[in-house]
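Below is one structure; the comments refer to it alone.
Residues: numbered from 1 along the sequence shown. Every heavy atom of this structure was used, including side-chain atoms; hydrogens, water molecules and symmetry mates were not.
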Amino acid sequence: RLMTLAKYFLAQLQLISDLVKERQMNCIMTLQEVYTFDLCVCGSCDPRLPTSVRAAFYDILTDLWIDRHPHVQIVVPALLRFMGSETRIVDELPMFSLIKAEPPDAWSIEHLESMPVDVHAFYKHATPHKMEAIVRTVHHYLSAGYLMEQQVHSELDDSVLLGALLRVLSKLMRFGFIHSVDLLREIMGPVMRCLDGRTDLLSPLSVEEDAGHRSGEGSDHFQVELAEPMTPLLAQSRADASMPRPMPGRLPRHRFPPLEDDWQLRCENSEHNRGLMECKVLMLEISLHTLRLAIHTYMTSILQIFRSTVLDTELAQSAVAFGTRMVLPAGVVDKFIRALDEPSISLSAPGIRSPTVMCVDLMLYDNPKMFALSLQLYFGECCRTTALLDNLDKMEILTHQQQAVFLAIKQDVVSLGKLVYSFENWGVDDEFSPGDSSKFMVLQKICLKLRSLATVGDNHSTPLEIQKMLHETEFFSHFVYVVTIDPNDFPASSHALLAKVTGLVCSCASRFVAANKNNQALVFTVLDHSMWLLDDQPDMSLLVVEVFSQNKEICEQVKPELVARFADLIEAERKRGSFGPWYLSFLSSIVVAEDLPIVENQAMVIEEIKKRGPTVVLHLLQGESGMERVIQLANKFTSLGQLRDTEPARWSGGGDAELIYYIRSIELLVGLAYGHGTQNLVNKPFVSSLFAAPSALRLLLKTSNIMGETPREATFVSIHTRLK
């Protein structure tokens with residue numbers, strides 16, 4: 001009965017952890033008053049509890065108290081820096097700071113007033129020390145010496161606990177709660193030694209063997225008084241056993257794995273090894289994040305040297321005052337080189353003389369993810385200077401005005417995240433909370449503002465700089481969450497509002513990636529999981545267009561199934577009598593990229609046009625009647641903004657939509673005929689059969705004559721220029 005009760009209790013804790021994942025605010029608001037911060041910390045660090053129970057408490061800490069509003073993930077290394085005269089650059093890790101103090105999330109004013117003081121304090125605490133208790137718990141566990149660092153393949157419960165603790169550590173690092181370089185060094189030493197699989201054991205040493213050797217090692221250990229452990233119902237962690245804790249980094253000789261152990265058993269991908277391999281994957285990800293933190297501190301040190309030896313000197317001030325060319329002071333380059341030779345963060349630790357050799361060993365494991373991460377860590381450690389120089393080349397120094405814009409964008413993205421993660425609270429009218437249309441208006445205002453900034457910039461920042469600022473925020477994470485929401489999780493009455501929210505976020509994301517290869521590559525990684533939105537979300541199709549547009553590397557990865565999917569959508573759109581150009585624009589975006597024809601894509605598009613018929617996919621107004629129709633539509637055209645930047649939310653249809661679709665059809669034919677080579681022996685005749693050269697010449701002459709007859713207003717001239 002006790003075992004059954006223990007399993008039920010464990011399952012309940014695991015259920016709580018699953019309920020609050022992905023920042024589910026309804027569940028968080030309910031459970032934060034039951035599973036308080038103090039309770040979860042005590043449950044995770046109490047050595048008297050079974051390892052599986054402690055692991056469940058760690059998981060609750062991760063999803064209920066760390067990965068939630070108002071915490072924001074910090075992008076490292078930071079490529080946007082501010083060097084104002086009042087700002088002091090410090091060699092420290094990027095840390096959590098509260099962007100804007102807000103009241104806790106609540107269903108109503110009554111609920112807000114009834115919340116405990118602890119919850120209110122949690123939202124107002126503005127420093128990284130708010131997670132100090134969890135940081136100390138993690139540090140204490142990792143400091144257990146070889147009892148923690150030497151993993152045992154057969155100890156599955158230990159792997160479960162270590163995996164949960166590593167997930168907590170990863171979140172603490174990404175949200176800026178590990179803010180001290182010294183603390184990071186102390187934590188990464190045990191993590192690297194635990195990552196080293198060469199000291200792992202297939203099965204634990206016998207109690208007699210371990211105890212016989214431990215008696216003579218008193219000088220290498222220090223005593224820690226722990227509470228008397230209760231009888232474990234499931235299992236108890238070896239690292240928290242009531243025994244002396246050895247000095248870190250020192251593995252006694254008798255603890256080395258036996259030479260007769262078969263390394264193939266250690267590396268095989270079996271159920272026996274799966275938990276241990278999952279821990280290795282987490283440690284590799286933490287190590288890679290540590291390398292990014294190291295590059296961040298490198299860049300900070302170099303900026304500090306540059307400012308102290310160049311910017312803040314009398315030589316620089318006189319050069320600015322008189323407009324003369326400034327010469328670098330002597331010794332500046334030597335200081336830069338010395339900073340590179342003295343890293344503040346290193347993966348080398350006592351017991352790990354060569355992290356690269358350890359990475360080679362980890363590549364032998366039969367786990368594709370481990371291999372990829374180990375290879376990445378190997379090159380990250382070997383080519384650290386190359387990565388630093390690459391990031392320094394990308395780094396930009398913000399002005400006072402740009403810094404103000406950046407802070408405003410950060411605040412807007414934080415507010416956007418709070419709204420999308422709490423959609424269930426304001427977008428669903430049920431017994432828990434009434435619908436609140438004002439929240440949608442706020443979300444719409446934020447998305448339109450961010451979209452506008454990323455399209456035209458402002459007085460102090462270009463659109464590209466705005467895109468880079470958005471990249472340094474959590475905007476991409478919020479976008480991924482929105483496009484992966486399953487509408488069936490919400491009542492049918494809220495689906496229309498959810499579709500509007502999704503459309504706004506996708507529309508904003510389309511400008512986030514426009515003509516920006518880094519952001520295009522980022523969004524491309526999640527497109528496969530969001531393609532289901534294409535049927536009902538034109539904004540999603542425009543986002544796909546921008547992801548592929550002028551990106552040769554991504555266009556070369558187009559699959560025939562995706563081209564057929566868009567051809568089906570075009571056919572369905574035309575059968576409804578609509579001229580929405582968003583699906584046709586995708587075909588144009590993949591046939592030519594970076595002024596180069598994508599031959600394979602041209603062939604796939606031509607095949608789809610032949611399969612469905614040119615009159616279904618394209619809208620080509622041929623003959624004299626067609627020419628007159630084009631001129632007629634152009635004379636009445638008033639939607640120049642939609643021609644430049646198509647927005648489904650403002651789409652008006654009618655004659656303007658027909659002309660825009662006609663222009664997009666011509667642009668697609670131009671893309672299909674573009675280029676030279678054997679494929680064009682097929683492409684050019686096909687295009688010529690659809691739109692003959694004489695027809696194009698007659699329309700060109702007709703348009704030119706109209707433009708030269710009398711002065712026209714700006715919109716009229718622009719559309720005819722576009723046609724020409």
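- Donor-acceptor pairing under 3.5 Å is lacking for the side chains of D59 and S17.
- Nearest approach of V605 to L668, heavy atoms of both residues: CG1-CD1, 4.2 Å.
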Evaluate the salt bridge (charged side-chain N to carboxylate O under 4.0 Å, His left out) criterion for residues E472 and K410: first the C-alpha distance (whole Å), next the side-chain angles of each, then the deciding distance (0.1 Å), finally the verdict.
CA-CA 9 Å; E472 299 273 315; K410 280 185 175 180; over 6 Å; no
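- The residue from N516, N519, N518 that alone fulfils the side chain to side chain donor-acceptor pair (under 3.5 Å) condition with Q467 is N516.
- Annotation: F490 is in aromatic contact with F423 [ring centroid separation under 6.0 Å].
- H619 pairs with exactly one of F691, Y662, F579 by the ring pair (Phe, Tyr, Trp, His ring centres under 6.0 Å) rule, that one being F579.
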Assess the residue pair E607 and K610 against the criterion (salt bridge (charged side-chain N to carboxylate O under 4.0 Å, His left out)); give the C-alpha distance rounded to whole Å, side-chain angles, the decisive distance to 0.1 Å, and a yes or no.
CA-CA 5 Å; E607 186 63 30; K610 290 180 178 178; 5.5 Å; no
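- The cationic group of K369 does not satisfy the cation-pi geometry with F371, failing either the under 6.0 Å distance to the six-membered ring centre or the 45° limit from the ring axis.
- In summary, E424 and R23 do not engage in a salt bridge, as defined by a charged side-chain N under 4.0 Å from a carboxylate O.
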Residues R274, E271; criterion salt bridge (charged side-chain N to carboxylate O under 4.0 Å, His left out); working and verdict:
CA-CA 5 Å; R274 192 154 300 156; E271 191 68 30; 2.8 Å; yes
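- The shortest non-hydrogen separation linking R384 to L291 is NH2-CD2, 3.2 Å.
- Checked by atom type and distance alone, the side chain of S461 never pairs as donor or acceptor with a backbone atom of G457 at under 3.5 Å.
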Evaluate the criterion salt bridge (charged side-chain N to carboxylate O under 4.0 Å, His left out) for residue pair E553 and K517; output intermediate values, then yes/no.
CA-CA 10 Å; E553 182 180 354; K517 288 192 174 182; over 6 Å; no
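- Both cation-pi conditions hold for R574 and Y661: the charged atom is under 6.0 angstrom from the six-membered ring centre and inside a 45 degree cone around its axis.
- When atom types are taken as modelled, the side chain of N269 and the backbone of Y365 share no donor-acceptor pair closer than 3.5 angstrom.
- Between E396 and K468, at least one side-chain nitrogen of the basic residue sits less than 4.0 Å from a carboxylate oxygen of the acidic one, meeting the salt-bridge criterion.
- Looking at Q444, its side chain never comes within 3.5 Å of a backbone N or O of L504 through a donor-acceptor pair.
- Looking at Y674 and D595, their side chains do bring a donor and an acceptor atom within 3.5 Å of each other.
- Taking 4.0 Å as the cut-off between side-chain N and carboxylate O, R576 and E573 count as a salt-bridged pair.
- For Q550 (side chain) and E594 (main-chain N/O), a donor-acceptor pair under 3.5 Å exists by modelled atom type.
- Remark: R511 engages E546 in a salt bridge, criterion side-chain N to carboxylate O under 4.0 Å.
- Aromatic ring centres of F175 and F96 lie farther apart than the 6.0 Å criterion allows.
- Exactly one residue among F475, Y421, F476 makes a ring pair (Phe, Tyr, Trp, His ring centres under 6.0 Å) with Y481. That residue is Y421.
- Remark: the R451 side chain and the S507 side chain contain an N/O donor-acceptor pair separated by less than 3.5 Å.
- The environment of NZ in K445 is sparse: at most 12 heavy-atom neighbours from other residues, nucleotides or ligands sit within 6.0 Å.
- Among all heavy-atom pairs drawn from W582 and L542, the shortest one is CB-CD2, 3.6 Å.
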Contacts under 3.5 angstrom, residues 521-530 side chains, donor-acceptor by atom type, not counting sequence neighbours:
from : atom 1 : to   : atom 2 : distance (Å)
T525 : OG1    : L522 : O      : 2.5
S530 : OG     : V526 : O      : 3.3
S530 : OG     : L527 : O      : 3.2

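- Remark: the backbone N or O of P538 is paired with a side-chain donor or acceptor of S541 at under 3.5 angstrom.
- Atom NZ of K500 has 12 or fewer heavy atoms from other residues, nucleotides or ligands within 6.0 Å.
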Is there a side chain to side chain donor-acceptor pair (under 3.5 Å) between H460 and E465? Walk through the geometry before answering.
CA-CA 10 Å; H460 309 288; E465 289 170 336; over 6 Å; no
